[in-house]
Asks: 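I'd like to ask some things about the structure below.
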There are 2 protein chains.
Amino acid sequence: MKNFQIHIVVNSDTYLRDPNMSELGRKIVSESIEMIDELGFELFTFRKLGKKIESPECSIYRYFESKHMLLVYLTYWYWSWVEYKLVFAATNLNSTEEKLTKAIKVLTEPPKKDNSPPHINEFLLHRIVMKEGAKTYHVKGVKEGNQKGYFEVYKRIVQRLSDFVLDINPKFEFPHMLISTIIEGAHQQRYFAEHIPSLTDVGEGKDNITTFYTNLVFKVIEE
Amino acid sequence: MKNFQIHIVVNSDTYLRDPNMSELGRKIVSESIEMIDELGFELFTFRKLGKKIESPECSIYRYFESKHMLLVYLTYWYWSWVEYKLVFAATNLNSTEEKLTKAIKVLTEPPKKDNSPPHINEFLLHRIVMKEGAKTYHVKGVKEGNQKGYFEVYKRIVQRLSDFVLDINPKFEFPHMLISTIIEGAHQQRYFAEHIPSLTDVGEGKDNITTFYTNLVFKVIEE
DNA sequence: GCAAATATAATAGTATTACTATCATCTTTG
DNA sequence: CAAAGATGATAGTAATACTATTATATTTGC
């Protein structure tokens with residue numbers, strides 16, 4: 001039972017019409033998450049999505065310029081959501097060490113059921129971002145996308161944790177590299193664990209990823 | 001002046017006809033490297049490649065089942081080449097520490113001009129693998145691809161360095177995670193440095209990536 | 001309560017992509 | 001020098017990633 005619901009705001013350059021403002025828009029978002037997770041981003045098409053939600057393909061194009069931009073929207077949403085969880089997780093903690101530990105936990109653990117909006121399955125969205133997230137920037141127009149702010153939240157998260165690192169060790173030279181390495185690394189390891197397990201050490205049942213990266217960060221930044 | 005040339009063997013499941021055995025095959029490989037680097041993998045097509053090499057599209061399909069499989073071939077080739085460099089780099093070194101340091105250097109530094117086969121521009125190939133490499137496994141058929149051995153060399157490289165790590169600290173629990181994290185991380189950081197610099201700490205002219213990851217590895221594995 | 005604005009649906013169409021098929025010709029090689 | 005194999009020429013297909021046009025709902029502002 002929850003008496004509040006947070007609203008995630010997404011950069012308006014990622015969409016043509018705000019999908020959060022209409023029934024159809026929310027349906028596009030929620031069903032596309034299911035479908036991308038099921039088919040993978042390559043086999044996912046607006047035509048198939050249209051069929052699933054029983055709306056014509058061209059209606060989807062009124063919300064998103066392309067399926068690539070839909071992916072950009074979804075990952076932006078995801079990172080905003082993670083940012084919210086990071087802020088929330090830091091409250092009532094005193095030391096920067098505790099805050100950093102908690103933040104690494106949020107970034108490296110898979111999501112638990114929580115108060116995300118009802119039309120977003122954040123468990124599936126997490127899987128999508130792990131697998132397809134890099135496709136938002138591994139494209140020709142990265143620089144333009146970066147200028148338009150598609151990655152601003154991601155960058156802010158990296159900055160936030162980098163600041164913790166610098167607070168703990170002001171002389172540490174590579175905080176951004178360290179943080180972006182572990183964020184991407186955690187997603188990657190979780191994906192490998194499922195599909196190419198010999199690239200990881202994730203054993204049966206037990207989840208070492210958070211332990212590994214927490215350890216890594218504190219060992220690397222100590223003077 | 002070189003009196004020898006090494007020949008990289010690629011898993012024969014990645015191609016229909018061995019592109020290394022004919023003039024046309026080598027042309028397909030060498031020109032596709034230029035073209036994928038120039039256009040990005042999404043905009044690259046066999047039709048455009050056919051036009052460039054003045055051969056019909058269908059001739060290219062006689063070598064590679066799809067453009068995805070061509071990418072798999074190219075990345076396989078790349079990692080085999082890196083493996084060769086790793087073996088070469090380890091000769092005449094006594095301590096495992098030295099070997100590991102050298103290996104990290106090979107894996108994290110951009111390639112220098114060396115004795116790669118004339119039809120392969122390994123500088124461009126390195127850029128392609130940094131940017132597009134993950135697309136070989138971020139697809140629906142990863143598991144089948146893994147079973148067919150598309151990633152066997154990559155896995156062998158991870159194993160090789162993991163063994164160094166375990167030799168230095170036999171109690172270290174997560175060698176594979178550590179090594180695959182730094183290999184992917186190095187590529188990623190180099191890509192970020194060029195396109196989304198605020199995610200890194202790579203400054204003007206100086207290249208910190210190797211320093212960062214070398215430090216990271218030795219700090220993390222120390223008892 | 002109704003006109004105007006806006007969103008959606010229905011239908012149709014286009015250029016391009018990712019292939020496949022067929023057959024003729026050219027080049028090896030045993 | 002014949003047979004096998006590789007390449008070229010030509011053609012074709014289903015699907016993708018869109019766009020355009022017009023009709024029909026639905027919302028909203030006065």
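All chains are named by letter (A, B, ...) in the order of the sequence lines, taking the proteins before the strands, and each is independently numbered beginning at 1. Bear in mind the structure is a predicted one, so any value in this text is a computation, not a measurement.
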Asks: Could you say whether A/Arg47 or A/Pro56 is positioned toward the 5' end of DNA chain C, judged by the nucleotide with the nearest heavy atom to each?
Replies: A/Pro56

Asks: For a quick check of understanding: with a heavy-atom distance under 4.0 Å over all strands, which category does B/Glu23 fall into, base, sugar-phosphate or nothing?
Replies: nothing

Asks: Does the pair A/Leu86 and A/Leu161 meet the rule for a side-chain contact (heavy atoms from CB on, under 4.5 Å), with working shown?
Replies: CA-CA 10 Å; A/Leu86 283 172; A/Leu161 272 84; 4.2 Å; yes

Asks: Select one nucleotide: of D/dT7, D/dT16, D/dT19, the one nearest the side-chain heavy atoms of A/Tyr61.
Replies: D/dT19

Asks: Honestly, is A/Lys131 close enough over A/Phe41, meaning NZ or CZ under 6.0 Å from the six-membered ring centre and within 45° of the axis?
Replies: no

Asks: Take atom CG of B/Leu16 and atom P of D/dT7, then tell me their distance rounded to the nearest Å.
Replies: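 Spelled out: CG on B/Leu16 to P on D/dT7 is 13 Å.
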
Asks: Please tell me which of A/Arg62 and A/Leu43 maps to the more 5' nucleotide of DNA chain D, matching each residue to the nucleotide holding its nearest heavy atom.
Replies: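 First, find each residue's nearest nucleotide; the 5'-ward one identifies A/Leu43.
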
Asks: Rounded to the Å, how far apart are A/Leu24 CG and D/dA25 P?
Replies: 17 Å

Asks: What is the nucleic acid contact for A/Tyr63, judged by heavy atoms within less than 4.0 Å: base, sugar-phosphate only, or nothing?
Replies: sugar-phosphate

Asks: What is the distance, rounded to the nearest whole Å, between atom CE of B/Met21 and atom P of D/dA4?
Replies: 20 Å

Asks: Take B/Glu109 and B/Lys105 through the salt bridge (charged side-chain N to carboxylate O under 4.0 Å, His left out) test and state the conclusion after the steps.
Replies: CA-CA 6 Å; B/Glu109 276 187 352; B/Lys105 200 171 143 84; 3.3 Å; yes

Asks: Without decimals, in angstroms, what is the distance between B/Ile53 CD1 and D/dA6 C1'?
Replies: 14 Å

Asks: First and last nucleotide of DNA chain C touching chain A, 5' to 3', heavy-atom cut-off 4.0 Å?
Replies: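 Endpoints of the contacted stretch of DNA chain C: C/dA7 to C/dT11.
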
Asks: Taking donor-acceptor contacts at under 3.5 Å, does the side chain of B/Arg17 reach the base of D/dG5?
Replies: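 Checked by distance alone, the answer is no.
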
Asks: Residues two or more places apart in sequence or in another chain: which of them pass side chain to side chain contact (heavy atoms under 4.5 Å, CB included) with A/Gln189?
Replies: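 If we apply the side chain to side chain contact (heavy atoms under 4.5 Å, CB included) test to A/Gln189, skipping adjacent residues, the hits are A/Phe192, A/Thr200, A/Ile209, A/Tyr213, B/Met177, B/Ser180, B/Thr181.
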
Asks: Yes or no on salt bridge (charged side-chain N to carboxylate O under 4.0 Å, His left out) for A/Glu54 and A/Lys27, after CA distance, side-chain angles and deciding distance?
Replies: CA-CA 10 Å; A/Glu54 289 173 298; A/Lys27 224 160 121 189; 5.8 Å; no

Asks: Tell me the interatomic distance from A/His68, atom NE2, to D/dC18, atom P, rounded to whole angstroms.
Replies: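 To the nearest whole Å, that distance equals 11 Å.
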
Asks: Indicate whether OP1 or OP2 belonging to D/dA15 is found under 4.0 Å from a side-chain N or O atom of A/Thr45.
Replies: no

Asks: Students often get this wrong, so: under 4.0 angstrom with heavy atoms, is A/Glu42 touching a base, only sugar-phosphate, or nothing?
Replies: nothing

Asks: Test B/Glu152 against B/Tyr76 for side-chain hydrogen bond (donor to acceptor under 3.5 Å, both in side chains), laying out the working first.
Replies: CA-CA 8 Å; B/Glu152 60 196 0; B/Tyr76 193 109; 2.4 Å; yes

Asks: Charged N to carboxylate O under 4.0 angstrom, A/Lys48 versus A/Glu38?
Replies: no

Asks: Please give, in whole Å, the distance from D/dT19 C1' to A/Phe46 CZ?
Replies: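 After rounding, the gap between these two atoms is 14 Å.
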
Asks: Just the rounded figure in Å: distance from P of D/dA17 to CD1 of A/Ile60.
Replies: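 So the CD1-P distance, A/Ile60 to D/dA17, works out to 12 Å.
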
